[in-house]
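What follows is a short report on a single structure.
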Amino acid sequence: MSKSSKTIVLKSSDGQSFEIEEAVVQLMENIKPMIQQKVVKTTIITIPNVTGNILSKIIDYCRKHVSHKEDEDALIEFDTEFVNVDEATLISLADAARVLEIKCLSALCTLV
Amino acid sequence: MIGRKPTARKKKHREQPKVPCQMETEVDIISNLPGHIIDKVLSLLTLRDAVRTSILSSKWRYKWVNLTSLVFDNQSVLVSSQDPTVIKNKMVKIVDHVLLLHNGVIHKFKLSHRDLQGVCDIDRWILHLSRGVVKEFILEIWKGQRYKLPSSLYLCDKLSHLELFNCLVKPPSAFNGFKILTSLDLQHITMDQDVFEDLIYKCPLLERLTLMNFEGFAHLKIHAPKLTFFDIGGVFEDVNFENTFHLSTVSIGLYVNVGNDHELCLGTTSKLVKFFSSLPSIQRLEVQSFFLKFLAVDMVPRRLPIPCMELNYLSLRINFNDMDECLAALCILRSSPNLLELEMLARPDEQPVPRAALKNLMEEDYQSCFLNQLRFIKIAGIFGVPRELNFINFLLANSPILERMTVKPASQDGGWDMVKELLRFRRASVHAEIIYLDP
C-alpha cells in the first residue's frame, strides 16, 4: 500500500497550516501514532500553544535531519545555526520540541 | 293404594328461580364497596367506560368524578369521523365536560388522540391543571406542526413526570425549573440551546431523561446529579456529562454520519476517554447509529485510563470496515472486565470505502483483551467478510466462560461459507454454543 498518498497538515495555534511529509512526522513521537492510526487521506492536526513561526522552524529542523541523516558534519553546522537565536525564541522552540516529542531537538535546546 | 297424601301434590309446584335475587345482592356489594376501592376499579377502566358508569344508577352518577387519572386517547374518546373540525369539536366538548364535572385532585393528565392537532383549547386545559397539583402530564400531538406549550405549564411545580411529543418548549424567563421532576420524556420537540441546558440544570431530582428527534439545540450538556437513565436519539454535535455519577443505563444514537474529515488536536483528551470518564457507574450501554464513529474520531487509546468496572451489558452499532470504530470497540472491551453480555450490530458502509482506508487490524490490536465474564454474544447484520469474521474469531478465543453466541447475517448470500468459517474457529469456552440464525 502506497504510503505517500497521505497528506499530513500541521496547524499552528494562530491558524497557519503546513503540509509535511510522512518522513518528517517520524521524528515527532507524539504525532507518529496519530498518523499510524488514522487511515484517512488527509489528516489535519492542530498543535496548541505553538505559533506558526516556531512551527515552521521546527519543520525545517525535522526536514534537515531527515534529508541529511548520514551527514553528521552538516547536521552539526545546521544545529549550531539553528540555536543561534534570542532566548525567547529558544524557549519557544524547546517547548514545541517537548510538546511534539522530538527527542533530538529537546536535547539540543537543553544543551544550549 | 287408594288416596294419595295431599303433600305429594305440593312437590309439583316449581321452586322460584333464585337467580334474580342473587344479582340484586351482587350489585349492592359493588355499590357499597369502600370509596377508595371503587376509585381503584374505575381507574382500571378507560375514561370512557368509567364515565359511563354514571348511568348505572343514581348512586353511581358521580362516582367517577373522583378519578385522579384522566387519560384522553383513542380508546377513551371514540370519534367516527375523519374530519379534523368534527374531531376537534367532539374532543373539546368531551374534555371540557370531564374537567368541569370532575371533583377532587387530578394527579395524571394524558392527552394523546391520534387525530387531534394542536389546538389552543389545550392551553385552557393546561391552565386548569396548573391551578391544581398535577404530578404526571403527558401531551402527544400526533398531527400537525409543533404545538407551542402555554406558559401555565411551567407553573405546574408538582410535576414528577413530564412527557411531550411534537411540542415547542419555550418557558418564560422567570421559569425556575420543575423542582421535583424525576422523569422527563421529550420526543420530536423544538427548543433553544440555553432553554435545554437550563431545563436540565434546574430539575435537580431528574432520574430519567429521554430525548428523541429534537431540534433547536446541538450541544448536549447534561448536568444531572441524580440521573440514572438516559436515552437519546437525534442529531447533535457533542455530548457532555457533568456530575452524572449515578448514570447507570445509557442509550445514545447519533443519527447523522460524522464523516471522515476531522481535525485532530494534539494534547486534548479523546472523546472516547472523556465520555467514559464522566460515566463511572455505567452498567448498560447502547451505542447506536453513528455514535461509535463519533467517539472514535480522535486518537483512540489502547485502553481507557479508568476501567468500566460496572459495565455488564454493551450493545454497539459498528461498521466493521471502519478501523477507528473497531479500535474503539476493542478499547472499550479491553476496559470492561465485568462485561456479561455483548451485542454487535453491523452497520453497512454508506459509501464504498476508499482503498487507502482499507486497513486491517493487526494482531497486536487484538491483544490483552480478556473477556473473562462474558457469557452471551449476539452478532447481527454481517456479510461474512474477513474483517467481521476476524472479530468474531477474536471474541471466541478470548471469552473463557462464554455460553452462547448468536450470529444472524444480513442476507442469505454466502451463508454457507460463513458457517464453515464459524465452525473452524477455536473457542476458549468448552460450553460455548454458536447459533446461526437465518436472516
Side-chain angles (χ1 to χ4, degrees), chain A residues 1-22 24-52 54-55 58-59 62 92-103 105-106, chain B residues 257-274 290 292-305 318-332 334 349-367 386-387:
Chain A
M1 189 173 65
S2 159
K3 278 190 174 177
S4 59
S5 58
K6 248 185 122 130
T7 315
I8 305 164
V9 173
L10 293 185
K11 246 172 135 165
S12 66
S13 57
D14 49 357
Q16 285 184 57
S17 300
F18 303 89
E19 192 174 318
I20 59 173
E21 309 75 46
E22 224 178 301
V24 169
V25 168
Q26 296 304 312
L27 289 174
M28 304 177 180
E29 296 294 329
N30 248 350
I31 306 284
K32 218 163 75 172
M34 285 174 138
I35 303 301
Q36 278 172 351
Q37 199 185 88
K38 298 295 165 190
V39 291
V40 285
K41 197 153 195 296
T42 311
T43 315
I44 304 172
I45 306 173
T46 308
I47 321 288
N49 306 322
V50 178
T51 58
I54 299 291
L55 192 56
I58 303 276
I59 293 172
C62 293
S92 303
L93 287 171
D95 279 341
R98 187 179 39 84
V99 162
L100 293 165
E101 275 190 42
I102 306 171
K103 293 203 178 87
L105 183 54
S106 275
Chain B
N257 192 343
V258 292
N260 294 316
D261 298 310
H262 292 280
E263 284 190 23
L264 303 167
C265 189
L266 192 67
T268 47
T269 322
S270 79
K271 286 195 170 80
L272 190 64
V273 171
K274 221 166 74 159
F290 293 97
L292 188 62
K293 190 165 177 182
F294 169 85
L295 288 175
V297 144
D298 299 334
M299 189 63 190
V300 177
R302 209 161 155 74
R303 61 176 74 241
L304 298 172
I318 180 172
N319 178 358
F320 283 104
N321 283 324
D322 185 324
M323 194 170 110
D324 292 335
E325 288 187 51
C326 290
L327 286 174
L330 286 166
C331 172
I332 302 171
R334 216 175 258 122
D349 282 320
E350 284 194 329
Q351 306 124 346
V353 182
R355 275 202 64 216
L358 282 178
K359 202 169 152 186
N360 278 322
L361 288 175
M362 305 278 112
E363 220 187 276
E364 70 224 21
D365 294 320
Y366 283 115
Q367 274 172 1
R387 272 182 210 90

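When reading the values below, keep in mind they use all heavy atoms of this one structure, side chains included, and skip hydrogens, waters and symmetry mates.
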### Query
Is the number of heavy atoms from other residues, nucleotides or ligands within 6.0 Å of CG (D14(A)) greater than 12?
yes

## Note on the structure
Among I44(A), I45(A), L10(A), the residue with the most heavy-atom pairs under 4.5 Å to chain B is I44(A)

### Task
Please report the closest heavy-atom contact between A296(B) and K38(A), naming both atoms and the distance.
O-NZ, 2.8 Å

### Query
Quick one: of T268(B), V300(B), L327(B), who has the most non-hydrogen atom pairs under 4.5 Å with chain A?
V300(B)

### Task
Please lay out, stage by stage, how L100(A) and L266(B) fare under the test side chain to side chain contact (heavy atoms under 4.5 Å, CB included).
CA-CA 8 Å; L100(A) 293 165; L266(B) 192 67; 3.9 Å; yes

### Message
For the backbone of T46(A) and the side chain of E263(B), can you confirm whether one donor and one acceptor N or O come within less than 3.5 Å of each other?
### Response
no

### Task
Of all the heavy-atom pairs spanning M34(A) and L264(B), show the shortest one and how long it is.
CE-CB, 4.1 Å

### Query
Would the number of heavy atoms belonging to other residues, nucleotides or ligands and lying under 6.0 Å from NZ of K271(B) be above 12?
yes

### Query
Side chain, backbone, both or neither: which part of V9(A) has an atom under 4.5 Å from a heavy atom of chain B?
neither

### Query
What part of V297(B) lies closer than 4.5 angstrom to a heavy atom of chain A: side chain, backbone, both or neither?
backbone

### Query
If every non-hydrogen atom of D298(B) is compared with every non-hydrogen atom of Q37(A), which pair is closest and at what distance?
O-OE1, 4.0 Å

